[in-house]
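Note on naming: letters A, B, ... go to the chains in the order of the sequence lines (proteins, then strands), and numbering restarts at 1 for each one. Scope of the values below: all heavy atoms of this structure, side chains included, with no hydrogens, waters or symmetry mates.
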Amino acid sequence: MSPSVRVRFAPSPTGYLHVGGARTALFNWLFARHNRGTFILRIEDTDKSREQEQAVRVIYDGLRWLGLEWDEGAGRGGPFGSYFQSERTVIYEKYLNVLQGKGVLYEEEGAIRFRSSRKPVVVDDLVCGRIEFDRSSDPDITVRRPDGSWIFHFVNVVDDIEMQISHVIRGEDHLTNTSKHLELYEALSAEPPRFAHIPLILNRDGSKMSKRDAGSSIASYVEQGYAPEAVRNYLCLLGWSPKDNREVISIDEVVQLFDLTKVNRKNAAFDLDKCDWLNRQYIHSMSLNRFRELTDSFIRAAGINASDENYLLRVLEIVKEKIKFFKEVPDWIDFFFTEGFHFDQSAVEQSLRKPGAMRRLRSLRDAYAALEVWSATNLEATLKHLGKEIGCKAGDLIHPARVAVSGRAIGPSLYHMFEVMGRDRVLRRIDRAIQLFG
RNA sequence: GACCCUAUCGUCCAGUGGCCCAGGACACUCCCCUUUCACGGGAGUAACACGGGUUCGAAUCCCGUUAGGGUCGCCA
């Protein structure tokens with residue numbers, strides 16, 4: 001095990017966190033955790049703008065939502081700050097002087113450029129292997145613009161040296177850049193870190209993912225109500241696998257098994273369907289308390305008056321297995337908490353308006369009113385018994401009852417729904433439906 | 001265009017010379033369960049890009065072609 005693994009995620013604050021970026025952060029985090037190393041967050045804001053605060057917030061929120069807490073860096077501090085490039089000018093100038101002293105810099109129209117030796121360079125990559133670059137026709141890189149602002153390649157290398165980064169794990173789009181960076185390390189007489197270029201994440205059709213593609217922004221998962229552990233699990237499986245065909249795998253186990261040299265070299269297409277499937281797996285096996293916690297913001301946003309915590313928990317319990325995303329929860333539970341729920345017209349037509357529906361509903365109401373113990377088991381037995389007695393199918397009772405009490409044709413298990421709602425509420429609503437539609 | 005990377009079911013992965021006429025998962029189709037919607041269980045369709053080698057033997061190694069992706073910025 002390396003004595004001091006130090007890795008960094010170095011996004012530029014663009015206002016949103018891309019899944020590709022999140023996956024890069026995740027792999028850095030996994031590598032750090034696996035090696036008991038340090039995971040650093042550095043903000044690459046060479047173009048300092050002041051609406052940046054909000055953009056940085058988006059990165060913090062996205063990483064924290066995914067459970068990728070950093071040990072050192074922006075918003076957290078550490079021995080190598082500042083972790084914002086916009087605040088590191090003094091350091092960059094120092095390194096610029098070093099290059100100056102070596103006579104490898106020259107000026108061109110006010111900008112400072114680095115003269116390349118154009119000698120072949122070898123990148124020994126942990127993921128891609130040994131790659132030779134013929135740099136004979138590469139142009140020189142620019143280090144600083146005429147206005148004094150810095151260019152990515154230079155500050156990126158300087159920061160990695162200064163922050164004692166041991167492994168640079170980043171997207172494959174930087175693979176070619178690495179040959180340039182290596183020359184910079186040499187010119188600065190610094191030992192380069194190990195590199196690991198991980199494959200990119202593309203759309204299903206192989207095109208590059210942009211902000212508007214579904215699932216490209218981490219914020220969209222938060223908005224739709226995905227379980228963060230599910231999204232994280234899905235991201236782990238993009239370019240990496242536990243090699244034993246498992247799909248649902250705990251993060252602790254991934255940390256234990258993670259190995260950069262086992263990362264794929266092929267770009268991966270993003271499949272939201274599979275992410276959705278994993279999300280459902282996680283929701284179904286999640287504890288009720290966790291479900292309560294993750295659905296809270298959606299329930300509040302919908303303005304549902306769920307002041308009776310105990311009642312809310314019982315409602316959530318019977319609805320949990322039905323939910324695909326937390327955003328759907330209010331639609332599934334609102335009628336439990338208000339008499340002002342909406343009656344779906346086609347549901348009414350297809351059940352309550354059917355001939356004989358009202359008569360059957362009255363019979364069910366009476367049978368339920370006479371019930372001694374109000375439980376799902378009794379509710380089911382009573383309904384089925386009544387069906388036989390009056391000679392109709394169970395469905396002819398179930399459907400009208402469901403619509404009468406919830407206003408819709410789709411919902412949780414009828415008997416459990418009634419059990420949770422309680423006798424008074426159920427009978428009252430059946431009476432009202434009979435009045436309204438009878 | 002130059003340089004670099006990649007190439008197994010529609011998608012994500014498994015497979016590192018014989019155990020593979022290729023395995024798992026998602027999606028899709030069908031069946032069962034369930035008189036809602038889902039879950040769950042079972043079955044099915046579906047791939048080693050192409051052409052040359054190497055080898056007794058290749059999805060696995062080599063070369064070429066093709067295709068996809070990346071980089072060539074005073075973007076990051």
Side-chain angles (χ1 to χ4, degrees), chain A residues 10-14 21 43-47 85 108-113 120 123 125 127-129 131-153 155-156 170-180 197 199-208 234-248 264-278 280-281 283-285 319-324 328 332 347 350-351 383-384 387 392-399 401-403 406 408-414 417:
Chain A
S12 83
T14 58
I43 304 297
E44 306 222 325
D45 57 346
T46 53
D47 280 328
Q85 288 186 331
E108 188 172 274
E109 294 185 28
I112 299 176
R113 311 196 70 189
V123 176
D125 194 273
V127 173
C128 304
I131 302 157
E132 287 184 52
F133 288 91
D134 157 31
R135 316 211 324 111
S136 58
S137 58
D138 282 15
D140 290 338
I141 58 170
T142 301
V143 168
R144 194 160 77 166
R145 299 186 190 88
D147 69 359
S149 60
W150 304 92
I151 301 296
F152 160 75
H153 302 290
V155 293
N156 186 267
R170 60 190 2 172
E172 199 198 88
D173 49 340
H174 286 298
L175 185 54
T176 310
N177 286 334
T178 305
S179 63
K180 303 171 190 175
H197 288 89
L200 269 18
I201 298 177
L202 308 171
N203 284 313
R204 284 291 298 265
D205 63 6
S207 64
K208 207 170 175 178
Y234 178 69
L235 257 21
C236 286
L237 263 21
L238 242 32
W240 178 88
S241 92
K243 308 291 181 198
D244 58 7
N245 287 338
R246 275 182 303 166
E247 314 287 334
V248 180
N264 269 195
R265 302 189 194 183
K266 193 176 69 166
N267 289 165
F270 186 82
D271 183 6
L272 198 54
D273 280 334
K274 186 148 185 179
C275 185
D276 289 354
W277 173 79
L278 269 169
R280 233 177 307 166
Q281 297 297 309
I283 290 177
H284 291 333
S285 58
V319 129
K320 183 160 86 83
E321 65 204 64
K322 307 285 184 179
I323 261 64
K324 217 173 152 195
E328 297 174 343
W332 279 80
Q350 283 167 36
S351 60
L383 183 142
K384 288 187 170 163
C392 74
K393 288 183 284 187
D396 291 332
L397 291 163
I398 290 171
H399 301 313
R402 177 186 297 287
V403 177
S406 72
R408 60 202 80 179
I410 295 170
S413 155
L414 186 82
M417 178 168 107

The reported gap from CZ in A:Phe152 to CD1 in A:Ile141 (rounded to nearest 0.5 angstrom) is 10.0 Å
Report task. Please determine if a side-chain N or O atom of A:Thr46 lies less than 4.0 Å away from the OP1 or OP2 oxygen of B:A76. Result -> yes
Hits for salt bridge (charged side-chain N to carboxylate O under 4.0 Å, His left out) against A:Lys274, two or more places apart or cross-chain, chain-then-number order -> A:Glu247
Base orientation of B:C39, chi within 90° of 0 counted as syn, else anti, reads syn
| task | For B:C50 versus B:U66, give the span between their C1' atoms, rounded off to a whole number of Å. | result | 7 Å
Reading nucleotides 58-70 of chain B from 5' to 3' and marking B where a protein heavy atom lies under 4.0 Å of the base, S where only the sugar-phosphate is that close, and - otherwise, the string is -----------SB
Can you check the distance between B:U71 and B:C75, where both ends of the measurement are the C1' atom (answer in whole Å)? 13 Å
Answer for the Watson-Crick or wobble partner of B:C12, both distances under 3.5 Å, is B:G24
Between A:Cys392 and A:Lys266, whichever has its closest RNA chain B nucleotide further toward 5' is A:Lys266
Exercise for review: Mind checking A:Arg246 for me? I need base, sugar-phosphate or nothing, with any heavy atom below 4.0 Å counting as a touch.
Suggested key: nothing
Applying a 4.0 Å non-hydrogen cut-off, can you work out what A:Ala269 is touching in the nucleic acid: base, sugar-phosphate, or nothing? sugar-phosphate
Taken in chain and number order and not counting sequence neighbours, the residues that satisfy ring-ring contact (aromatic ring centres under 6.0 Å, His included) with A:His153 are A:His181
Checklist entry - Is there a donor on the side chain of A:Lys243 or the base of B:A14 sitting less than 3.5 Å from an acceptor on the other? => result no
By the 4.0 Å heavy-atom rule, please label A:Pro242 as base, sugar-phosphate, or nothing. nothing
CD (A:Glu109) and CD1 (A:Ile112) are apart, to the nearest 0.5 Å, by 14.0 Å
Walking RNA chain B from its 5' end, the first of A:Ile151 and A:Cys275 to be reached, judged by nearest nucleotide, is A:Cys275
Between CZ of A:Arg144 and P of B:C75 the distance, given in whole Å, is 15 Å
With heavy atoms under 4.0 Å as the rule, sort A:Glu109 into base, sugar-phosphate or nothing.
base
* Rounded distance in Å between the C1' positions of B:G24 and B:A46 -> 14 Å
| When the P atoms of B:A38 and B:C61 are considered, how many whole Å apart are they? | 45 Å
- Just checking A:Ala111: base, sugar-phosphate only, or nothing, at a heavy-atom cut-off of under 4.0 Å? base
Rounded to whole Å, the CD-C1' distance (A:Glu247 to B:A14) equals 10 Å
Practice task
Give a yes/no on whether any side-chain N or O of A:Asn203 is located under 4.0 angstrom from OP1 or OP2 of B:U11.
Solution key: no
request  = Indicate, with a heavy-atom threshold strictly under 4.0 Å, whether A:Ser413 touches base, sugar-phosphate, or nothing.
outcome  = base
A:Phe152 atom CZ is separated from B:C75 atom P, nearest whole Å, by 13 Å
Does the pair A:Trp240 and A:Asn264 meet the rule for a side chain to side chain contact (heavy atoms under 4.5 Å, CB included), with working shown? CA-CA 6 Å; A:Trp240 178 88; A:Asn264 269 195; over 6 Å; no
With sequence neighbours left out, the residues meeting salt bridge (charged side-chain N to carboxylate O under 4.0 Å, His left out) with A:Asp271 are A:Arg204
Scanning all shown strands, the Watson-Crick or wobble mate of B:U36 with both distances under 3.5 Å is none
Please enumerate all protein N or O atoms sitting under 3.5 Å from an N or O of nucleotides 38-43 of chain B, with distances to 0.1 Å.
| from | atom 1 | to | atom 2 | distance (Å) |
| --- | --- | --- | --- | --- |
| B:C39 | OP1 | A:Arg280 | NH1 | 2.6 |
| B:G40 | OP1 | A:Gln281 | NE2 | 3.4 |

By side chain to side chain donor-acceptor pair (under 3.5 Å), A:Ser413 pairs with (sequence neighbours left out) A:His416
What's the gap between B:U34 and B:U11 when it is taken at their C1' atoms, as a whole Å value?
31 Å
Taken to the nearest whole Å, CG/A:Asp273 to C1'/B:C12 is 12 Å
Separation of B:G10 atom C1' from A:Asp205 atom CG, nearest Å, is 12 Å
As its Watson-Crick or G-U partner within any shown strand, both distances under 3.5 Å, B:U29 has B:A43
Between B:C63 and B:A58, how far apart are the two C1' atoms, rounded to whole Å? 15 Å
- prompt: Which part of the nucleic acid, if any, lies within reach of A:Gly110 when heavy atoms closer than 4.0 Å are counted: base, sugar-phosphate only, or nothing?
  reply: nothing
Those residues at least two apart in sequence (or on a different chain) that pass salt bridge (charged side-chain N to carboxylate O under 4.0 Å, His left out) with A:Asp244 are A:Arg246
(request) Taking atom P in both B:G69 and B:C33, compute the distance separating them and give it to the nearest angstrom. (result) 48 Å
CZ of A:Arg144 to OG1 of A:Thr46, rounded to nearest 0.5 Å, is 13.0 Å
Closest to the side chain of A:Asp134, out of B:C3, B:C13, B:U35, is B:C3
Applying the 3.5 Å cut-off to both distances, the Watson-Crick or G-U partner of B:A76 turns out to be none
Phosphate-side-chain proximity, A:Arg135 and B:U71, N/O vs OP1/OP2 below 4.0 Å:
no
Answer for the Watson-Crick or wobble partner of B:U6, both distances under 3.5 Å, is B:A67
So CZ of A:Arg402 and OG of A:Ser351: to nearest 0.5 Å the spacing works out to 10.5 Å
Using the P atom as the point on both nucleotides, what is the distance between B:G51 and B:C9, in whole Å?
16 Å
Rounded to whole Å, CG of A:Asp140 lies from C1' of B:C72 at a distance of 13 Å
Notebook entry, point to check: Base, sugar-phosphate, or nothing: which does A:Asn264 touch, judged by heavy atoms less than 4.0 Å apart?
Noted result: sugar-phosphate
query = Under 4.0 Å between a side-chain N/O of A:Arg265 and OP1 or OP2 of B:U6, yes or no?
reply = yes
With sugar-phosphate meaning primed atoms plus P, OP1 and OP2, does A:His197 contact a base, only sugar-phosphate, or nothing at under 4.0 Å between heavy atoms? nothing
Side-chain atoms of A:Asp271 come closest, of B:C74, B:A25, B:U11, to B:U11
Distance col, row A:Asn203:CG vs A:Asn267:CG, nearest 0.5 angstrom, shows 12.0 Å
inquiry  = For a quick check of understanding: with a heavy-atom distance under 4.0 Å over all strands, which category does A:Lys180 fall into, base, sugar-phosphate or nothing?
reply    = sugar-phosphate
With sequence neighbours left out, the residues meeting side chain to side chain donor-acceptor pair (under 3.5 Å) with A:Glu172 are none
Contacts of A:Arg265 meeting side-chain contact (heavy atoms from CB on, under 4.5 Å) (sequence neighbours excluded), chain-then-number -> A:Val127
Taken to the nearest whole Å, CG/A:Leu272 to C1'/B:C26 is 11 Å
